[in-house]
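Following: one structure in structure tokens, then a few remarks.
Atoms within a ligand are numbered from 1 in the order they appear, just like the ligands themselves. Side chains included, hydrogens not; waters and symmetry mates left out as well; all remaining heavy atoms used. From a predicted model like this one, the values you see are computed outputs, not experimental measurements.
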Amino acid sequence: MKNYQRLKGLIAASFTPMDAEGKVNLPVIGKYADLMAKSGMTGVFVCGTTGESLSLTVEERKNILEQWVKSADGRFKVIAHVGSDSLFESMDLAKHAYESGADAIAAMAPCFFKPATVKELIAFFAPIAKSAEELPFYYYNMPSMTGVSLPVAEFLVEGKKSIPNLAGTKFTHNNLMEMGECLALNNGEFEVLHGYDEILISGLVFGAEAGVGSTYNYLSDVYLGIMKAMESGDLETARKLQMRSIEVVKIIIKYGGGVRGGKAIMNLIGIDCGSCRLPIAPFSDEEYKSLKEDLMKINFFDKK
Ligand SMILES: CC(=O)N[C@@H]([C@@H](O)[C@H](O)[C@H](O)CO)[C@@H](O)CC(=O)C(=O)O
């Protein structure tokens, strides 16, 4: 791995803009990237859960990543999620990520035929990470979606033996005991990218230095405020801001969660992301009206 820098700050898990026919709408990414740079994001996490990765074709994923690298234009880092149930597809995506100029790669565990042991998970990831051996590789741990719940600290220690570019984990789980364990390994050898926006404050207490989240896309001020308050030890402000994030998360849950509800919020703030791909149902006009009302009730659209 050359020129490797640890990830810091807020990394937005990007939505994949789609047009009225459900096709990927690449031109929107330019404006979207400008917003991310303006919002103080240090990176974007492309084609992860929020980006509907597993609902996209390999070609679409490649095109989206290339567009993000181009639109980021060096203003923030671009992390490519290359996970797939197909090992060869993942290897191809990893190689492509390196060739396209991405800054790092990450992969979630395969979720149909699931690895049953840490050893099997390592065996699956090793050739993927090797396909982009110059880039840091992060294990995207997200048991709620993959159904793979293997001990992450053990994976990091054992995995490092055969995956030299293993940099850490994107930890989308609220098991903070395990998260703390990962952060403490070998005096902080591994990065832990916090992935649970509504408890970012807790991840920071444990020592996480970066977070990846879907709600950072449209609530950047709140999360930047949390990072700043935690750095200066102002717990009261950090807690207040975290409660603000929880208010919004409660609303997105009402509308189907971070991907469906979040994409609708992007449309409301002027980044035309369209609908999610089926099986996630499109938003009806009534739902947009009701979502807008719910957000107005908590003064979401007021200037911060
Ligand atoms: C399960 C899930 O989608 N988690 C989100 C969170 O940002 C989540 O939307 C947020 O914490 C609200 O629950 C991210 O961790 C996902 C993510 O980083 C990604 O899109 O890859």
Determine whether any heavy atom of M145 lies closer than 4.0 Å to an atom of ligand 1.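 It does not; every heavy atom stays at 4.0 Å or beyond.
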Is Y216 close enough to touch ligand 1? Criterion: a residue heavy atom under 4.0 Å from a ligand atom. no
Between Y223 and L35, is there a shared hydrophobic cluster once you connect ILVMFWY residues whose side-chain heavy atoms come closer than 4.5 Å?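 Same cluster: Y223 reaches L35 through Ile, Leu, Val, Met, Phe, Trp or Tyr contacts under 4.5 Å.
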Distance from [atom] to nearest protein heavy atom, with residue and atom:
atom	answer
atom 18 (O) of ligand 1	K170 NZ, 2.7 Å
atom 15 (O) of ligand 1	G195 O, 2.7 Å
atom 8 (C) of ligand 1	S214 OG, 3.7 Å

Below a 4.0 angstrom heavy-atom separation, can you tell me which part of H81, side chain or backbone, both or neither, approaches ligand 1?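 No part of H81 comes within reach of ligand 1.
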Residue part near ligand 1, for T49, under 4.0 Å between non-hydrogen atoms: both
Lys/Arg-Asp/Glu bridge criterion (N-O < 4.0 Å) met for K297, D294: yes
Is K31 salt-bridged to D272, going by a charged N under 4.0 Å from an acidic O? no
Below 4.0 angstrom from a heavy atom of [X], which ligand 1 atoms are there? Numbered from 1 as shown, please.
X	value
E198	10 (C), 11 (O), 12 (C), 13 (O)
V212	18 (O)
G213	7 (O)
A13	17 (C), 18 (O), 19 (C), 20 (O)
M142	1 (C)
T172	4 (N), 15 (O)
T50	16 (C), 17 (C), 19 (C), 20 (O)

Is any side-chain heavy atom of I79 less than 4.5 Å from a side-chain heavy atom of V46?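 A side-chain contact is absent here, since even the closest heavy-atom pair is not under 4.5 Å.
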For a 4.5 angstrom cut-off between non-hydrogen side-chain atoms, does M18 reach E52?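 Heavy-atom side-chain distance check passes, below 4.5 Å.
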Cation-pi check for Y139 against K170: NZ or CZ below 6.0 Å from the six-membered ring centre and within 45 degrees of the axis, yes or no? no
Please say which of L200, L224, V222 ends up in a side-chain contact (heavy atoms from CB on, under 4.5 Å) with Y216.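 Testing each of L200, L224, V222 against Y216, the sole residue satisfying side-chain contact (heavy atoms from CB on, under 4.5 Å) is L200.
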Tell me, which pairs form a salt bridge (Lys or Arg N to Asp or Glu O under 4.0 Å) where one or both residues lie in residues 12-21, sequence neighbours left out? E21-K23
Show your reasoning for whether ring-ring contact (aromatic ring centres under 6.0 Å, His included) applies to H173 and Y196. CA-CA 7 Å; H173 196 355; Y196 230 93; 7.5 Å; no
Ignoring hydrogens, just give me the one of F171, Y140, F45, F15 whose non-hydrogen atom is nearest atom 16 (C) of ligand 1. Y140
Stepwise, does the ring-ring contact (aromatic ring centres under 6.0 Å, His included) test hold for F171 with Y140? CA-CA 6 Å; F171 198 89; Y140 182 173; over 10 Å; no
